[in-house]
Amino acid sequence: MADQPYYLTTPIYYVNDKPHIGHAYTTLACDVLARFHRLDGDDVHFLTGTDEHGQKVEKSAQAAGVDPQAFTDQVSQNFRRLAEDMNYSNDDFIRTTEPRHIEATQALWRKIRDNGHIYLGHYEGWYAVRDEAFYAESELTKDDNGNKVAPSGAEVEWVKEPSYFFDLSKWQQPLLDYYDANPDFIGPDTRRNEVVSFVAGGLDDLSVSRTSFKWGIPVPDDPEHIMYVWLDALNNYQTAVGYPDTESSLYSKYWPADLHMVGKDILRFHAVYWPAFLMAADLAPPKRVYAHGWLLNRGEKMSKSLGNVVTAGDLVDRYGLDPVRYYLLREVPFGQDGYISHETMVGRINSDLANDLGNLAQRVLSMIVKNCDAKVPQPQALTADDTTIIAAATDVLAAVRGEFERQAFHRGLEAIWKIVGDANRYVDAQAPWELRKTDPERMATVLFVLADVIRRLAILVQPIMPDAASAMLDQLAIAEDDRTFAALGADPAVVPGAELPKPSPVFPRYVDDETAA
RNA sequence: GGGCCCGUAGUUCAGUUGGUUAGAACGAACCGCUCAUAACGGUUAUGUCGCAGGUUCGAGUCCUGCCGGGCCUACCA
């Protein structure tokens, strides 16, 4: 059970994009899982990074007057900064322009080619020179002169260029068999259904090289071609664990990946193309791909044209990092689209964090400092009420683990907050402020029990809110080594006699400027 | 056009293989407490479970049709 390997990945983000809340959301979910598994004693490898090849990058670099490598060196920093600002605990940050990735991806190409699954053909389609893009027949319309034009209005012409193809059409049945044998491969279920029906509908061979631009990984033995997008991008997951050295300690430990987290827009690449590529190379497909939904700004899709794009930085500046981390995973059922708004943010911060959890810690710690000489009190024999709540706070881990394994973060948090509620009810039922006058020893026991319940809650909440949880555990004088899930059992618990600092609220209420007056 | 999912209290959602008076949270009203970040606890209320049929002793829970919303995918021209 100890030291189980757990390898999870975010998508690699396209460097040409500016980081927005969607990137932050995907990586946040992974970060929470990574931290959870580490606390659970697993040997975690958590990867994120940037996708740096392609025509758009080539053009942007040109426009900036620098070569593509220098350009990507610069803009990939935007995503490294995001990782730092959001307190992500990734173990590696991969860039597709790194030598290790170029080497790994050419090796994958050779393997697939040598297995007979890549052939040379022609890529053809309607090409708009002005847009430098191909369009499907269905996207085209006719202008006044009867010429076919792209949605942009640009004239298109039928273009044919040599291209290597991957024989995706041959993988329909193997893929369907794989889905069938691995019912948890794609989540949530509704996405799984979509993918299965897409594959069942038949697959076309996939163009996997281009000659029309240069910024990419050269095709082995035919440098006129560069590899096209997905083969390059997807293989980052293998590169980072040492491919092509499949005997390496990293690869043999971490492959196949336990989870690829993706947005729903790129599910097909991960759930169809990627396992097909891997099977074609005699490699194991990942164990699970999970496609989450979109965050909608008050119900509207965020877009540049609407001017309602929210960045993680905007939210963190206003509400604080840990509250934002909590909010994003608690408010929206992961996997579905969901609204975010100032009102719901304030609701979560004030109700769940300030009033329920924060105030629980504050009221209990204040009583201990005032009435127990600022030391963890010495308990007497525990009553049934005491053992019940302690057991509940301990047992909830199993429920949370189960929910997180299905990426149901909101459900896991709900389960933890049920215990927060229990603890507040316990305070009221035991009324330690009465016991202070009537039965000081019982008061001491009640406060001890509460301190230990708060300890457990803080330990559980660490993956979501690392800094705030750490502050709570500091206030309980819990040693750094005693903060893993293994410490959720009875010992080591809060230590009677341990000196506690004067408590200060961990989660301040959010007060609107307008309503403050 | 084909496929998939959804439509349950003001709001966001749970409702397991069909079975007694349909649940939670937030919000609302009232009551209590006073340790605490004016926080906490208790009580109460509201639902034609999208609409119409059907199967069944019994349906939010299965079937059919319709209306409404979303997603995936295709095509005609």
d(CZ, Arg348(A); C1', rG27(B)) in whole Å | 12 Å
So, Arg288(A) and Asp258(A), do they make that salt bridge, N to O below 4.0 Å?
-> no
Which pair of heavy atoms, one from Met472(A) and one from Ala458(A), lies closest together, and at what distance?
-> CB-CB, 3.9 Å
In B/S/- notation, 5' to 3', how is nucleotides 67-72 of chain B contacted by protein heavy atoms closer than 4.0 Å?
-> ----BS
Rounded distance in Å between the C1' positions of rA28(B) and rG47(B) = 16 Å
Any residue meeting ring pair (Phe, Tyr, Trp, His ring centres under 6.0 Å) with Phe507(A), in chain and number order, not counting sequence neighbours | none
Please state the P separation for the pair rA25(B) and rG41(B) - nearest whole angstrom.
-> 10 Å
If you measure from the C1' atom in rG58(B) to the same atom in rA14(B), how many Å do you get, rounded?
-> 23 Å
Please name all residues satisfying salt bridge (Lys or Arg N to Asp or Glu O under 4.0 Å) with Glu414(A), sequence neighbours left out, ordered by chain then number.
-> none
Base-paired stretches in RNA chain B with three or more consecutive Watson-Crick or G-U pairs, both distances under 3.5 Å, amount to B:1-7 with B:67-73, B:10-13 with B:23-26, B:28-32 with B:40-44, B:50-54 with B:62-66
All salt bridge (Lys or Arg N to Asp or Glu O under 4.0 Å) counterparts of Glu157(A), not counting sequence neighbours = none
How does protein reach along nucleotides 31-40 of chain B, written 5' to 3' as B (base within reach of a heavy atom under 4.0 Å), S (only sugar-phosphate), or - (no contact)?
-> -BSSBBB-SB
Exercise: do Tyr510(A) and Arg318(A) side chains pair donor with acceptor under 3.5 Å | yes
